[in-house]
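Shown next, in structure tokens, is the structure this report addresses.
First the proteins, then the strands, lettered A, B, ... as listed; each starts at 1.
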Amino acid sequence: MLRQLGVFSIAVVVLSGSALAQPSEIRKSVARISNTAEEPNYRIPWLPGAQGGGSGTGWVVGKDRLMTNAHVVSNAKFLTVEKEGDPRKYIAHVEHVAHDCDLALVKVDDARFFEGTKPFVIGGIPELESTVSVFGYPIGGERLSVTQGVVSRIDFRPYTHSTVDSHLTIQIDAAINPGNSGGPVIQNGKVVGVAFQGYSGDVAQNVGYMIPTPVIQHFIRDVKDGKYDRYVDLSVGTFPLFNPAQRKALGLPDDDRGVMVSSVLAAGSSAGALKVGDVILSIDTLPVTSDGMIELEGERVQMAEVAERKFVGDSVTVAIMRDRKPQTVEVKFANAFPFTMNANQYEQLPQFVLFGGLLFQPLTRNLVNAYRFTNPRVDYYFDYFIQREVYTKHPEIIVLSSILNDPINTYLGDFREGIVEKVNGAEIKTLRDLAAAFAKPAEFYVIDFVGAGRPLVLERAAVEAARERIKTSYNVTEEQFLGEPTPAS
Amino acid sequence: MRPFAFILLFALALRADEPKPAAPAVPAVKPDESHHVVRVNITNQNWDFMRPWGKRAPFSRRAVGPVLAGGRVLVTAELVANATYIELEMPDGSGKTPAQIEAVDYECNLAVLRGDDAKFLKAFQPLDFTEAKVGDTLNIWQLESTGVVLSTAGPLTTVEVTRYPNDDSSFLVYRSTASIQFRDSSFTLPAIKNGRLAGLVVRYDNQSNSAEIVPSPVIRHFLKDADKKPYEGFPRTGLLFSNTRDPQFRRYVGLNGNGGVYVTEVLKDSPASKAGLQPGDIILKLDGEPIDQDGNYVDPDYGKLALINLISTKHFVGDAVKFTIQRDGKLQELTVTLTHRDVESYVSEPYVIDRAPKFYIMGGLVLQELSRQFLKEFGNDWQKRAPQELVYLDRYQQDLFADGPKKIVILSRVLPMPSTLGYEELHQLRVTKINGVELQSLADVPGAIEKPENGLHKIEFDADPSVIYLDAASLRADEEALAKNYRLPATKRL
């Protein structure tokens, strides 16, 4: 289950008991989590997908919960947990999952599981070069495994589970292998991280990553109100200010302070507060250096780390230089960034509309992975969805992803992979718009695609006549799924 | 597997006892054939669009060129692209003369050459042209080192209209199946029918043994154009259309008959646009020839062919072509006066050949114009490997830039200098303005650079980082050091 790990080596590690408070309790409080998952089926969206899954590690947090990685429990249909010295398998279920920071809380209903366990205490950020131990159930054996290493560096890094998020990450050189995912990284008897990703041995040696405690604590605090709101961010691009001419033009002294705002996303938290060309001098009174770093708890970290520690409803105070005049603006985090189609999605049934044998689906990373589109326009709309703010015109990109061949659509193959722009003159911004347009009676359904000079035309009578025929021959059990009534926050 | 191995061995043993099969028939060589063709040796040197101040390493190729009337030799245009030296050589290598390009067209992929020594081809018999039909046998001529013609026969399998490699234009091609040896370093070879020139091989696929041939009708069109000065090129209409096969669509647009194609796009300022054609029109006839629902007409020589052939092969620039269209249910006739579309009129030029790439190095910022030739520097799979946004701008330029600008100026890379500190990693970004001047092309850069404000140049991009500044004084101070440090033969070419 550990991402990007391909080469498996068996590390022989002598566990030094003296470093740990109560070895047996710690060992008993680390569980193996086995997941039977169902992959979504984007090619035949009315049917369930293949079953998969795997196993990872979890650890006792609070009274009756286990913490693990989101990717250990993603798309779970059936979860079991086991622990050292206990023959039983316990049934568990996911209570909260945070795909943007790859963490999850798992609840075990049977209280007997927690006999002999002790909730872990969550510590701070371990010092560079200090030693940490990784507990877990990696491949290479059945029983609990412990490896040891030092803290190599602390950095802001991408989290591969969602593919689009980056957070604070700690690199360690302890062996981390598939199955270690979600396991605790321990120093002085306290959890200082959750093992979650690494590199294949083909790429780099002894590079393992753990989620540090600020991220863990953020997740725990976020779900206190019973739901996960996701991370908030500034949604701005910044450009370092090393160049003397650039500094002079922006009215800055030669003091290594400040970064320039180089882009502001219209749907992001900073829209209306920050502008391109503003210079960010400090954030929540922390001075920002010309390379975009701040000093936080003794570490030099990226400015984004301030927003990383905020929650929906919070705000930051940003001291800026605008048009050579200093001023202060408030950025309020009303919600997490609303457009997430570029991220891997989990636990969601594929949305679709089937009409006249034409399958329409909103463009998502999951869809792209399922189809491998060849239309360069689809590639562009996907890759530049955020950067070029395609979402302002198309909050959802509706793609004619495939065609169930039938006499009524046999001449329509050229439209495959087209992006729907209008139906009978009405703009199509979401899949719901499309479903509504097809629900409206009309003699002809005239579908305009982006960049296609010719519309696709379906006759209502022909669609009606073909409906049962297509449903029967292609075993279609549902003709549309538009998602949950209100999209999750 | 064992019995199989046994049988195989047995069979081989049998073979050894059999009389030797006759050697493959030696291609018939008529003694005078070599007097129709000449060797052509070409050295080319392409510009390096990644380092536009220089060229890449030169390379040489050889071809077999048919001799035409008037002391001329025909070759493919791609063979002489960016040529630095061309020479004609006797088939047996007994003599050479330097040669010049008399006319070249990279769209139809043809060129005519003329030797510096007017007497060089005196002993040669010029080839006449002939058309060929599916089923005819074509002989593809190569040359032995002795000068003897090696002729490989193969049937003409397909005649169709297809897209030629250099831009978006389509022309007639012949396809033939023949197993041609790789002899010289190119497959530019004459294809002969009954002693006459039927076409010029431009491409050969070893796996399918299939040869792509520019046919005689296209060659003759090119030669007729080549006689006119200046060379005008093949005519275009500037419209795109789609088929009308779908019966639901035909009913929707009110098409009753069998034929007709639906106009999807009419390019701005194109002949079609000037004639009043509009998207949504249905083309029923062209030059009086009925057009079927796939966009084909019935050619007297070749049968069904794409209607583009009526324009590109049958007509010349300046010709008037009658379009019979249906608009709003009524028949109309429009006359389109054909023109050639100049390659430099594209926003992102499909090819830049025989022309040095333009560039302007500002401080250390390398500014260039976007072209498909530039994108092709990213290799065979440039559409995947080149910066995706630039590929998108090139591909959809007709839609995106109908109202300008004339060219897309990009910052292709930075040659780091003290004045560009902090900008080292900027690359492949579209530059929209310099010092407030909206750039219509690279030619606007020198003028814009004359107008720094408070001693600072302001450069704006259409994406992150949006805006950067350069110190005008240190830019000037760095100029000499820049050229010296990076050994630049020039810092601009406009």
* To do: Identify which part of A/Asp414 has an atom lying under 4.5 Å from any heavy atom of chain B, answering side chain, backbone, both or neither.
  => side chain

* Asked: Is it the side chain or the backbone of A/Ile408 that comes within 4.5 Å of chain B heavy atoms, both, or neither?
  -> both

* State whether B/Phe461 and B/Arg430 meet the cation-pi test: NZ (Lys) or CZ (Arg) under 6.0 Å from the six-membered ring centroid, and within 45° of the perpendicular axis. => no

* Asked: Do we get A/Arg460 above A/Phe444's six-membered ring, with its NZ or CZ under 6.0 Å from the centre and within 45° of the axis?
  -> no

* A/Gln387 versus chain B, the contacting section by heavy-atom distance below 4.5 Å -> side chain

* Asked: B/Asp471, B/Val391, B/Asp462: which one forms the most heavy-atom pairs within less than 4.5 Å of chain A?
  -> B/Asp462

* Asked: If we only count heavy atoms from C-beta on, is the B/His457 to B/Leu475 side-chain gap below 4.5 Å?
  -> yes

* Are A/Tyr445 and A/Phe355 close enough that their ring centers fall under 6.0 Å? -> yes

* Taking all non-hydrogen atoms of both residues, which atom of B/Asp394 and which atom of B/Leu370 are closest, and how far apart? -> N-CD2, 4.4 Å

* In Å, rounded to the nearest 0.5 Å, how long is the span from CG of B/Leu375 to CZ of B/Arg372? -> 8.5 Å

* In terms of heavy-atom proximity below 4.5 Å to chain A, should B/Pro465 be classed as side chain, backbone, both, or neither? -> both

* Short side-chain donor-acceptor distance under 3.5 Å, B/Arg250 and B/Thr244 -> yes

* Can you tell which part of B/Ile468 gets under 4.5 Å to a heavy atom of chain A, answering side chain, backbone, both or neither? => both

* Asked: What part of B/Lys458 lies closer than 4.5 angstrom to a heavy atom of chain A: side chain, backbone, both or neither?
  -> neither

* Nearest non-hydrogen partners of A/Val164 and A/Ala343, listed with the distance -> CG2-CB, 3.5 Å

* To do: Establish, yes or no, whether a centroid distance under 6.0 Å links the rings of A/Phe438 and A/Phe360.
  => yes

* Heavy-atom proximity to chain A below 4.5 Å, by part of B/Leu426 -> side chain

* Structure fact -> Bottom line for A/Val446: the part with an atom under 4.5 Å from chain B's heavy atoms is side chain

* **Which portion of B/Glu389 sits near chain A, non-hydrogen atoms under 4.5 angstrom** => both

* To do: Check the angle between the aromatic planes of B/Phe374 and B/Phe378 and answer parallel, tilted or perpendicular using the 30° and 60° thresholds.
  => perpendicular

* Asked: Non-hydrogen atoms of chain A under 4.5 Å away: do they reach the side chain of B/Arg395, the backbone, both or neither?
  -> side chain

* To do: Could you walk me through whether A/Glu417 and A/Arg377 pass the salt bridge (Lys or Arg N to Asp or Glu O under 4.0 Å) test, one step at a time?
  => CA-CA 9 Å; A/Glu417 299 194 6; A/Arg377 204 188 288 272; over 6 Å; no

* Who wins among A/Gly453, A/Gly451, A/Ser290, A/Ala462 for the most heavy-atom pairs under 4.5 Å with chain B? -> A/Gly453

* **Selection from B/Gln248, B/Lys384, B/Glu453 maximising heavy-atom pairs under 4.5 Å formed with chain A** => B/Gln248

* **Contacting moiety of B/Gln388, where chain A heavy atoms sit under 4.5 Å** => both

* Residue part contacting chain A, namely of B/Thr420, when any heavy atom lies under 4.5 Å -> backbone

* Asked: A/Pro376, A/Gly277, A/Pro244, A/Pro240: which one forms the most heavy-atom pairs within less than 4.5 Å of chain B?
  -> A/Pro376

* Under 4.5 Å from any heavy atom of chain B - which part of A/Tyr384 -> side chain

* Test side chain to side chain contact (heavy atoms under 4.5 Å, CB included) applied to B/Val431 and B/Ile459, B/Ile410, B/Ile408, B/Leu365, the passing residue -> B/Ile459

* Counting heavy-atom pairs under 4.5 Å to chain A, which of B/Asn243, B/Leu240, B/Asn454 comes out on top? -> B/Asn243

* Does B/Lys274 pair with B/Asp269 as a salt bridge, N-O distance under 4.0 Å? -> no

* Checking heavy atoms, do the side chain of A/Phe242, its backbone, both or neither come under 4.5 Å from chain B? -> both

* **Result of checking A/Ile397, A/Leu363, A/Asp383 against A/Val390 for side chain to side chain contact (heavy atoms under 4.5 Å, CB included)** => A/Ile397

* Interface moiety of A/Leu241 toward chain B, non-hydrogen atoms closer than 4.5 Å -> neither

* **Contact winner vs chain A - B/Leu421, B/Asp464, B/Asp399, B/Leu470, heavy-atom pairs under 4.5 Å** => B/Asp464

* Asked: Under a 4.5 Å heavy-atom cut-off, does chain A meet the side chain of B/Tyr262, its backbone, both or neither?
  -> side chain

* Top of B/Val263, B/Val467, B/Val253 for chain A proximity - count of heavy-atom pairs under 4.5 angstrom -> B/Val467

* For B/Phe241, is it the side chain, the backbone, both, or neither that has a heavy atom closer than 4.5 Å to a heavy atom of chain A? -> neither

